[in-house]
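For reference, the structure discussed in these notes is given below.
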Amino acid sequence: MADFLLALSPSLILGTMSVLLVVLGGDDRQRILGLMTGGFLTSLIATPFLGVTWTPQSFAIAYASGLLLGWGLFDQTVCLRVLGVSRTMPTSTGLQLVSMSLGGVLLFGEWRQGASSLFGAGAIVALALGVWLASRHEKSESADGLDWPRGIRLLATSTIGLVAYLLLVQWFGIDGRTALLPQALGYMTVALILTAPRFTPWDGPADTRRSARTLRQVIPGMMWGCAVLILQVSADRVGVATGFTLSQLGILISTPAGILLLGESRTRKEMRWTILGVALVICGAVLAGFAKSLDPA
């Protein structure tokens, strides 16, 4: 029971973190720099206690995966402003789970034996339907102010980064503890480059109180870093599939919080679509984790 609760805690942290990132205010640069700085500090503090060693190859690959992670986090954070937390998080979660599942099938031969293929197929169908429903909108005042073409592009590119970084370290057999600090160096590199005005033209709302707001955003960044660290530890106890699946349940917090606390409006139809979409994404995540558990060791 204790191991299960430990594996569940990243989802609670991640669900709260995405809402807090918006509540604390600031522009996109401040959110991104604060988020990644917090994650980097957590990795820097925790790594000496993890007893890890690196080879030049493992460090370089983990660093490259951190660049991909930074790209994914960058676009996902911008999408929180473009589409809102309650639309971004369930859609992004579903897309990541679908992509990770397909990557496991195509690259690592998962879900190809016995009942795992049936549960895996059911997971992909449930996730795809959930993403479609969670992202549906009707022509109304609630959706008029949203830049859907840009939001869809950001969801697609962030999913590529957030999935590719995991598949890369998995392909080379690098465990999460070993990858933790080199990845942090990678996404911190991305943060410093992409938040610099000379490298990236910015069209998001600007805030002149830059330093104070950025420091505030370090708090959700450290929360995110702790969630990643706990996920690495719990994976050794409950398995990677179960740990990853449970970590995605944070949308049960972020989606209603985005609507109720952040005032992200919905029509009645959109509320029904969102609720059903989130339920299907959760169902798909559970099926995906169960299918993985049925694969031969």
Can you list the residues that meet the ring-ring contact (aromatic ring centres under 6.0 Å, His included) rule with Phe290, with sequence neighbours excluded?
Phe119
Gap separating the [atom1] atom of [X] from the [atom2] atom of [Y], nearest 0.5 angstrom:
X: Ser18; Y: Leu262; atom1: OG; atom2: CG; result: 8.5 Å
X: Ile174; Y: Leu168; atom1: CD1; atom2: CG; result: 7.0 Å
X: Thr195; Y: Phe74; atom1: OG1; atom2: CZ; result: 7.5 Å
X: Tyr187; Y: Leu73; atom1: OH; atom2: CG; result: 8.0 Å
X: Thr16; Y: Ile253; atom1: OG1; atom2: CD1; result: 4.5 Å
X: Ile61; Y: Thr55; atom1: CD1; atom2: OG1; result: 7.5 Å

Under 3.5 Å, is there a donor-acceptor pair linking the side chains of Gln96 and Ser92?
yes
Under 3.5 Å side-chain donor-acceptor pair for Arg266 and Ser86
yes
Tabulate below the donor-acceptor pairs under 3.5 Å that side-chain atoms of residues 218-230 make, not counting sequence neighbours, or state none.
none

Among Thr42, Asp175, Leu50, Leu44, exactly one meets side-chain contact (heavy atoms from CB on, under 4.5 Å) together with Leu180. Which residue is that?
Leu50
Could you walk me through whether Val23 and Leu261 satisfy the side chain to side chain contact (heavy atoms under 4.5 Å, CB included) test, starting with their C-alpha distance in whole Å, then the side-chain angles of each, then the deciding distance to 0.1 Å, before giving a yes or no?
CA-CA 9 Å; Val23 169; Leu261 297 181; 6.0 Å; no
Note, Leu167 side chain near Met100 side chain (heavy atom, < 4.5 Å)
yes
Main-chain N/O of Ala184 paired to Tyr63 side chain as donor or acceptor, under 3.5 Å
no
I'd like to know if the side chain of Arg87 and the backbone of Ser135 have a donor-acceptor N/O pair within less than 3.5 Å.
no
Could you walk me through whether Val278 and Thr93 pass the side chain to side chain contact (heavy atoms under 4.5 Å, CB included) test, one step at a time?
CA-CA 10 Å; Val278 169; Thr93 297; over 6 Å; no
